[in-house]
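Below, chains carry the letters A, B, ... as their sequence lines are ordered, and counting in each starts from 1. What's counted below: heavy atoms across the whole structure, side chains too, no hydrogens, waters or symmetry copies.
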Amino acid sequence: MDYNPREIENKWKAYWQENRIYKVDNPKPGQNERPKFYVLDMFPYPSGSGLHVGHPLGYIASDIFARYKKMSGYNVLHPMGYDAFGLPAEQYAIQTGVHPAVSTEENIKRYRRQLDNLGFSFDWEREVKTCDPSYYKWTQWIFIQLFEHYFDNEAQKALPISDLRRRFSHEGNARIKAASTQEMVFSAEEWNDMSAKEQSEILMNYRLAYRKTSYVNWCEALGTVLANDEVKDGVSERGGHPVERKAMLQWSLRITAYAERLLNDLKRVDWSDALKAMQRNWIGRSEGAQMFFDIKNSEEQIEIFTTRPDTIFGATFMVLAPEHPLVDALTTEDRKAAVSEYLDYVNARSERERMSEVKEVTGVFLGAYAINPFTQAQIPIYIGEYVLMDYGTGAIMAVPSDDERDHAFATKFQIPIIDVIDKSQYPGAGMHDKLGTMINSEFLDGMEVPDAIEEMLTRIEREDLGVRKVNYKLRDANYSRQRYWGEPFPIKYDAEGIAYAMDIEELPLELPDLEDFKPASGGKSPLARKEEWLKAEEGFIRETDTMPGFAGSSWYFLRYMDARNNEEFASQEAINYWRDVDLYVGGTEHAVGHLMYSRFWHKFLYDKGLVPTVEPFKKLINQGMIQGVIEFIYLMKEKLDGHHHFVCTSLTKQRGVTDFAKIPIHVDFVKNYGSDKSYVNIDSIKRFIDWRPEYENAIFECGNGLYHKGTFKSNNGAEDNHLLTHSETGKMSKRYFNVINPDDVVERYGSDCFRMYEMFLGPVEQSKPWDTKGINGVAGFLRKFWGLFFNKDGQFEVSEEEASKEEMKILHTAIKKIREDIERFSFNTCVSAFMVASNELRKMNCNKTEVLEPLVKLIAPFAPHLAEELWFRLGGMDTTRTVQDAAFPKVDEQYLVEDSVTYPISINGKKRAIADFPSDASKEDLETAALALEDIQKWTDGKTVRKVIVVPKRMINIVVG
RNA sequence: GCCGGUGUGGCGGAAUUGGUAGACGCGCUGGAUUCAAAAUCCAGUUCCCGCAAGGGAGUGGGGGUUCGAUUCCCCCCGCCGGUACCA
């Protein structure tokens with residue numbers, strides 16, 4: 001029988017499903033001797049366009065690994081679900097009126113069908129959907145826990161708000177070191193005298209989930225605020241809409257409290273350096289001093305943060321952020337008009353403009369002066385755009401001699417510049433390098449910069465001018481979205497506006513039905529229009545914002561451990577069994593968003609004693625993107641015989657020619673596709689236009705001259721009906737005719753072939769283009785592999801004869817290679833090893849069970865359907881339900897022992913001969929034998945052999961002079 | 001700018017601790033089969049010189065360490081990703 005993937009794949013998919021082959025149990029303690037292994041994929045957002053060919057890359061890799069681990073004796077958790085709340089479904093609802101729940105459910109069905117098509121070993125009985133009330137009940141529950149806890153900086157962990165309340169009433173807050181929004185000091189009496197409202201406002205400063213007015217990223221087009229990681233280059237990551245700064249009352253999560261732990265614990269995880277670097281960057285730790293500057297004729301002080309206290313003798317002015325609270329108070333009468341004009345200018349500028357015009361220096365003098373605490377000099381105070389309100393203290397001491405921005409500012413406003421560091425000893429050092437010798441700095445003169453920094457920090461603390469301080473770029477995470485399709489906050493407000501968490505018994509707070517999904521007026525969520533829902537309880541109103549996309553995804557990996565639990569987010573028994581994710585596979589786009597929030601939530605749950613591990617994801621692999629190949633033709637306009645012709649050109653920018661058209665061409669019309677000689681001819685362009693008439697204009701009517709349809713000239717001027725095409729690698733997109741739908745590939749080649757081909761493309765972590773033709777190689781391999789089990793008449797026929805030593809060597813070489821390569825996630829070389837083994841066995845006409853049976857087990861993680869069919873035919877099903885229950889083959893080293901070794905023999909490092917020598921030959925024997933070779937004597941004749949290097953089983957190198 | 005990654009045939013890529021550079025696959029060339037095509041099979045395929053035997057060059061460029069470097073070190077260049085008034 002010929003290899004017919006469709007037939008066998010459908011058969012075994014049905015069998016797996018019926019027999020619940022991939023169901024995974026949570027064993028009772030002591031019940032299951034097998035060690036656990038948790039393999040997780042980042043769950044997808046079920047978008048309307050379905051799964052594309054790049055998605056499955058990571059899923060296939062993790063599926064292979066999961067199956068391999070299972071066959072190696074592990075109890076493997078390998079679940080899948082959907083990140084199902086999100087903006088696209090809501091925007092689709094606004095456009096079409098289709099309820100997000102409906103479209104999301106449809107998309108999920110489609111995703112499921114596509115995933116099933118690829119033969120994954122997911123345990124679907126553990127499926128989670130973040131939009132399901134039985135799931136988001138626990139998202140809400142975790143939010144309440146965050147609301148009910150604060151972060152104690154001494155204990156370096158989260159503690160209950162009730163503890164804090166108790167301590168306040170006994171001792172005030174002077175001795176409490178906790179992460180807080182605003183710093184203030186009160187005594188126990190003061191606390192006890194406060195109204196409930198005042199107390200609640202103070203507690204808000206401490207809660208890990210808290211509400212405050214802050215400048216947020218407001219996106220008018222999306223009608224919602226966005227988190228920092230959802231904004232890229234001043235526009236929204238989704239949709240690319242402009243984002244502006246706006247002060248709003250918002251929920252936030254105090255992730256900054258965990259900054260130090262998030263940074264330090266990166267040491268404990270096995271992630272790529274690139275990813276760790278991204279997280280480190282995002283956290284952005286810097287050490288320095290927080291210090292106060294007095295102001296001339298004022299009681300106020302300006303608090304600044306600096307990493308370079310050593311340069312303070314060069315601080316000749318100060319700059320505040322335009323939003324700084326002291327701006328108004330410090331502005332003198334005569335400067336009011338100028339300052340107000342500047343503030344108008346700043347407010348009118350979008351985030352985008354501010355970012356794109358970074359180089360331009362703007363600012364205005366407030367009229368006030370600060371006192372440099374070390375020189376006692378009066379230095380002018382400015383406001384300027386380049387100082388950001390939400391980093392440090394929103395104010396800086398400016399040292400124009402050692403900071404490019406301060407320098408530019410000082411130059412523009414003609415402020416004195418005092419050199420304080422002599423860098424002449426460090427010719428390569430830049431302005432920001434902490435190198436040099438102090439000058440013009442009184443007691444620091446002559447000191448090296450690092451020593452001067454330390455000396456200043458000590459003095460600042462001793463003289464009570466400030467304190468050592470660690471600052472982070474990481475900001476608290478904005479947690480409110482003015483949207484419908486997200487988790488409602490389990491929060492209600494009383495008449496005074498005090499926020500209360502709902503009781504756990506009341507959860508989930510379900511999202512009510514709506515007909516109209518447009519945002520409500522005043523930048524509010526559409527939920528604000530749903531009055532009966534809003535005022536569900538006497539005297540209380542609900543929060544109308546919903547939670548952001550990262551809420552549900554910050555803990556889903558824990559839910560899989562016990563996905564159907566209605567009493568807890570997951571039972572302690574389940575969590576203590578599965579513990580953490582051993583292997584996590586997903587894209588880099590979540591490097592600072594999801595991966596940071598999940599770690600934060602996990603650490604919080606760890607503080608609460610609810611999870612046993614400090615980090616949720618032990619090892620992480622980022623799969624690369626699968627790109628498309630885009631074939632373009634370039635047509636250049638040229639006047640010939642009074643007509644304009646389009647002329648093919650390989651150099652689009654030659655001779656300053658700008659009047660050309662760059663047309664993407666469907667690969668079906670390209671000859672020699674993928675090579676540098678690929679071309680289209682006129683006939684195929686005509687066919688192309690028949691097929692896509694809208695392209696006729698693009699091809700024949702760019703420019704406005706006359707032209708001859710179908711007359712082309714090649715690059716060298718000769719008449720030709722060929723047009724060279726140019727390939728580029730880029731995004732898969734409909735407009736480039738290069739989108740590959742996995743379903744189509746599976747339809748034609750089968751899912752085993754698709755799986756193996758995606759792996760064969762290259763290293764999982766690398767981005768690479770999809771090459772439509774390359775798949776034939778893998779398809780051919782699978783046919784040949786299948787053919788090993790069948791005779792010339794197409795009958796299944798294997799032999800029980802004992803396999804030869806050589807055949808066993810082929811098998812065990814493959815086992816060794818494939819085991820090692822799976823362990824290091826090198827799946828492309830695994831496929832290659834299968835090809836080598838199968839080619840060699842085919843040459844030997846080997847059909848011995850002794851070789852083929854282990855080979856079937858070996859390929860089972862990669863091509864599960866094919867393996868299952870062959871396993872069944874070999875009779876393996878008599879002992880196991882499925883090949884997945886069989887043990888993954890082990891290497892028997894005895895078959896890998898060689899009698900002889902082929903040695904390359906080099907003269908002065910250049911290979912000159914190859915010879916076989918016994919593998920147990922001594923170094924001396926090898927040397928003698930090598931020197932005796934005819935091919936070698938030719939090179940040594942008349943020369944002195946100075947040295948012979950013999951590396952047993954590797955090579956021999958002869959040095960002659 | 002800063003941080004990280006990466007650079008190997010016509011193409012995707014392999015070379016795991018410094019030890020035969022180019023595994024495996026695509027593409028291409030030639031042959032077999034066929035009325036023909038597809039498919040399949042066989043052989044070849046880094047580049048240059050040469051009928052061949054053989055020789056030379058070669059892993060972005062330059063230098064270094066070494067008997068020996070794709071691999072280690074220094075400098076430079078290109079590409080990809082992240083980030084950017086972060087004080």
Mind calculating the distance between CD (A:Glu765) and P (B:rG13) to the nearest angstrom?
14 Å
Could you state the CZ-P distance from A:Phe781 to B:rG12, rounded to the nearest angstrom?
23 Å
Could you tell me whether [X] and [Y] have their ring centroids closer than 6.0 angstrom?
| X | Y | value |
| --- | --- | --- |
| A:Tyr749 | A:Phe754 | no |
| A:Trp282 | A:Tyr472 | no |
| A:Tyr345 | A:Tyr342 | yes |
| A:Tyr3 | A:Phe790 | no |

With syn defined as a glycosidic angle within 90° of 0 and anti as everything else, classify B:rG9.
syn
Protein-nucleotides 23-25 of chain B N/O pairs closer than 3.5 Å?
unit_1, atom_1, unit_2, atom_2, d
B:rA23, N3, A:Ser832, OG, 3.4
B:rC24, O4', A:Ser832, OG, 3.3
B:rG25, OP1, A:Asn839, ND2, 3.1

Ignoring backbone atoms, establish whether [X] has a side-chain N or O less than 4.0 Å from OP1 or OP2 of [N].
| X | N | value |
| --- | --- | --- |
| A:Arg280 | B:rU83 | no |
| A:Arg912 | B:rG56 | yes |
| A:Gln766 | B:rU6 | no |
| A:Ser286 | B:rA87 | yes |
| A:Arg954 | B:rG18 | no |

Can you find an N or O donor on one side and an acceptor on the other, under 3.5 Å apart, linking the side chain of A:Arg405 with the base of B:rC86?
no
For the residue pair A:Phe781 and A:Phe834, categorise the inter-ring angle as parallel (less than 30°), tilted (30 to 60°) or perpendicular (more than 60°).
tilted
Base, sugar-phosphate, or nothing for A:Arg285, non-hydrogen atoms under 4.0 angstrom?
nothing
Detail all sub-3.5 Å separations between protein N/O atoms and N/O atoms belonging to nucleotides 61-67 of chain B.
unit_1, atom_1, unit_2, atom_2, d
B:rC67, O2', A:Asn957, ND2, 3.1
B:rC67, O2, A:Asn957, ND2, 2.6

Choose from B:rA87, B:rU16, B:rU40 the nucleotide whose nearest atom is closest to any side-chain atom of A:Val387.
B:rA87
